[in-house]
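Beneath this line is the structure, given in structure tokens, with notes to follow.
Residue numbers start from 1 in every chain, and the chains themselves are labelled A, B, ... in the order their sequence lines are given, proteins ahead of strands. What you see below is based on every heavy atom in this structure, not just the backbone, and it leaves out hydrogens, waters and symmetry mates.
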Amino acid sequence: MQTWLMKSEPEVFSIEHLRKKGHAPWDGVRNYQARNFMRDMKAGDLVLFYHSSCQPPGVAGLARVTKESHPDPTAWDKKGDSFDPRSTREKPLWFMVEVTYLETFPHFVTLDEVKADGYLAGMRLTQKGSRLSVQPVGRKHFDRVVALGRDVRFTSENRHVLDNRGKTG
DNA sequence: GCCAACGTTGGC
DNA sequence: GCCAACGTTGGC
């Protein structure tokens, strides 16, 4: 099983949208590298759902790949924003996968936290100029982000537990 | 809104 | 195949 990170602008499609729908086509990707990574995805692969172009950006939760790559029909929709006349039904150019909602982290793992975490050094996400909307994540990095996201000690309601440690004793 | 860092396009 | 112009991403 491989692990990945996929970016979405929450104003367009957030993890909350995915939660409500249950599953969704990850369509509209128009970058060759990202497309190639999606082609490598297998059903069952796990995905960090990343919110981009928002304040703050960061990893919001987890999803699972539930359908392997198949032609992206939005490339054929002349009226849509993702239309690409080079993609035909006979020779599709763009592909997509289906992702299914797994969980929203109790703690939203911000990009700043990812950058500051020693275990996460070298993640593609934080490398300069890296803009890929679909990218592989090493298993150790993946597990670390999940651990941060699930650690309720870091949630805003519980932050004082850590902040106040030692102040009274 | 700015702009750095890429990626893509198309003339030559 | 080179590269200038243009488009996009996405943090800031």
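If you check the side chains of A:D72 and A:T74, you find a donor sitting under 3.5 Å from an acceptor.
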Kindly list each side-chain donor-acceptor pair under 3.5 angstrom involving residues 53-61 of chain A, sequence neighbours excluded, with atom names and distances?
none

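Residues A:G28 and A:S82 share a closest heavy-atom pair of CA-OG, 3.7 Å.
Within the nucleic acid shown, A:R35 has no heavy atom closer than 4.0 Å to any nucleic acid atom.
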Contact list (N/O, under 3.5 angstrom) for nucleotides 3-10 of chain C vs protein:
residue, atom, partner, partner atom, Å
C:dT8, O2, A:R131, NH1, 2.7
C:dT9, O3', A:R131, O, 3.2
C:dG10, OP1, A:K7, NZ, 3.1
C:dG10, OP1, A:R131, O, 2.4

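Side chain of A:R89 to backbone of A:W76: no donor-acceptor contact under 3.5 angstrom is found.
Annotation: A:F49 is not in aromatic contact with A:W4 [ring centroid separation under 6.0 Å not met].
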